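This report concerns only the one structure given below.
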Number of protein chains: 2
Amino acid sequence: MLSIGTLAKRTGTKVQTIRYYEQIGLMPEPGRTDGGQRRYGDVELDRLSFIRHSRQLGFSLQAIRELLDLSDSPERSCAQVDAVAQKQLREVEARIARLEALRVELQRMIRECHADRVANCRILEVLRDHEECLSDHDRLGG
Amino acid sequence: MLSIGTLAKRTGTKVQTIRYYEQIGLMPEPGRTDGGQRRYGDVELDRLSFIRHSRQLGFSLQAIRELLDLSDSPERSCAQVDAVAQKQLREVEARIARLEALRVELQRMIRECHADRVANCRILEVLRDHEECLSDHDRLGG
DNA sequence: TATACGATCTACAGCAACTATAGGTTCAAG
DNA sequence: CTTGAACCTATAGTTGCTGTAGATCGTATA
């Protein structure tokens, strides 16, 4: 039986995060000692490993919940799991594309500022005035 | 004089977001009508445009605060502004690199699942077991 | 067996950067 | 002068945790 601290170390999670996952129903309520401390087994270790690895891959907790539900269902459908993964891949690709655009514009901004070493800083002007670089009303993904 | 709604439309910002910026001191407290409604001028329009464009480029509100302070200071230093932009560029590049790694792994995961069309879904196994793909204790940047 | 001390407990506040809601007031067009 | 959209404040919710306070537990050592 593992204490919460040991489970945390094994999975690279913070203790509070494990308790948080329990609170939101992502991890089950574990058994307790007489004194009230949580004790975990291998099932919980597996489940938390799954959650952490999925988080590292950028899956939202909601997506992870779906994946866990699918993996718990008796005749789990590979197609459904695949759909979740595909969706995540598309999101990652969209974020990359967005960041690439940002990178290009930042580089251009910095380059222009360097060209003009003495006078007013171009960066501030660009940040103030530039309008065509990105579509309006477009938001940054978290 | 612009109402908050007009200012919002002109800058592609939500009304609540403008009030939020005022609340955290990023936007100044504007003048009011007799009835208590906010009225803005061109100075505020410029400032908010600056903030929104910087946000679109991925700058944090803290970084934007620094940029605004620099732009307000009488002998503003281009080097300091440049440093903030450079830092932002490095952060963007780091996020791109991280997402590229995620993309590669997601693609591999999905490809393996497709290769094995009938049996258990590989994606779930990979999510559960894979350990070497990303360094442990590594967190996703927001 | 007593003590010390780190680990754990609950409960709650806080972070970024907004977004949404409720319930009331003001402004401007017709 | 009426109507209704836009505005007001205040507060709670979002996502995914992180940090704190003050109390209790568990175990290694004297």
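Naming convention: chains lettered A, B, ... in sequence-line order (proteins, then strands); numbering from 1 in each chain. Just so it is clear, the structure is predicted and the values come from calculations on it, not from any experiment.
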Integer-rounded Å distance: [N] [atom2] and [X] [atom1]:
X	N	atom1	atom2	answer
B:E29	D:dT9	CD	P	10 Å
B:L61	C:dT19	CG	P	11 Å
A:M1	D:dT27	CE	P	13 Å
A:R55	D:dT18	CZ	C1'	14 Å
B:I18	C:dA17	CD1	P	17 Å
B:Y21	C:dA17	OH	P	9 Å
B:F59	C:dC18	CZ	P	15 Å
B:I24	C:dC18	CD1	C1'	9 Å

Phosphate oxygens OP1/OP2 of [N]: is one of them under 4.0 Å from a side-chain N or O of [X]?
X	N	value
B:T17	C:dA17	no
B:R52	C:dC18	yes
B:Y20	C:dA16	no

Could you please name the option among [options] that lies closest to any side-chain atom of [X]?
X	options	result
B:T33	D:dT18, C:dC18, C:dC27	C:dC27
B:S3	D:dT18, C:dC18, D:dC7	D:dC7
A:K14	D:dG19, C:dA20, D:dG16	D:dG19

Closest non-hydrogen atom pair between B:D82 and A:I110, with its separation: OD1-CG2, 3.6 Å
Listed partners of B:E93 passing salt bridge (charged side-chain N to carboxylate O under 4.0 Å, His left out), at least two apart: none
Which pairs of donor and acceptor atoms, one on a side chain in residues 61-70 of chain A, lie under 3.5 Å apart (sequence neighbours left out)?
unit_1 : atom_1 : unit_2 : atom_2 : d
A:R65  : NH1    : A:I24  : O      : 3.0
A:R65  : NH2    : A:I24  : O      : 3.3

Under a 4.0 Å N-O cut-off, is there an ion pair linking B:K87 with B:E91? yes
B:T17: what forms a side-chain hydrogen bond (donor to acceptor under 3.5 Å, both in side chains) with it, not counting sequence neighbours? none
Please collect all side-chain hydrogen bond (donor to acceptor under 3.5 Å, both in side chains) contacts where either partner lies in residues 18-28 of chain B, sequence neighbours excluded, each pair once. B:Y21-B:R52, B:E22-B:R38
Provide a list of protein-nucleic acid N or O atom pairs under 3.5 angstrom, restricted to nucleotides 9-12 of chain C.
unit_1 : atom_1 : unit_2 : atom_2 : d
C:dC9  : OP1    : A:R38  : N      : 2.8
C:dC9  : OP1    : A:R38  : NH1    : 2.9
C:dC9  : OP2    : A:R19  : NH1    : 2.4
C:dC9  : OP2    : A:R38  : NH1    : 3.4
C:dC9  : O5'    : A:R38  : NH1    : 3.4
C:dC9  : O3'    : A:R32  : NH1    : 3.4
C:dT10 : OP1    : A:R32  : NH1    : 3.2
C:dT10 : OP1    : A:R32  : NH2    : 3.1
C:dT10 : OP2    : A:R38  : NH1    : 3.0
C:dT10 : OP2    : A:R38  : NH2    : 3.0

Summary of salt bridge (charged side-chain N to carboxylate O under 4.0 Å, His left out) pairs that have at least one residue in residues 39-50 of chain A, sequence neighbours excluded: A:R47-A:D72
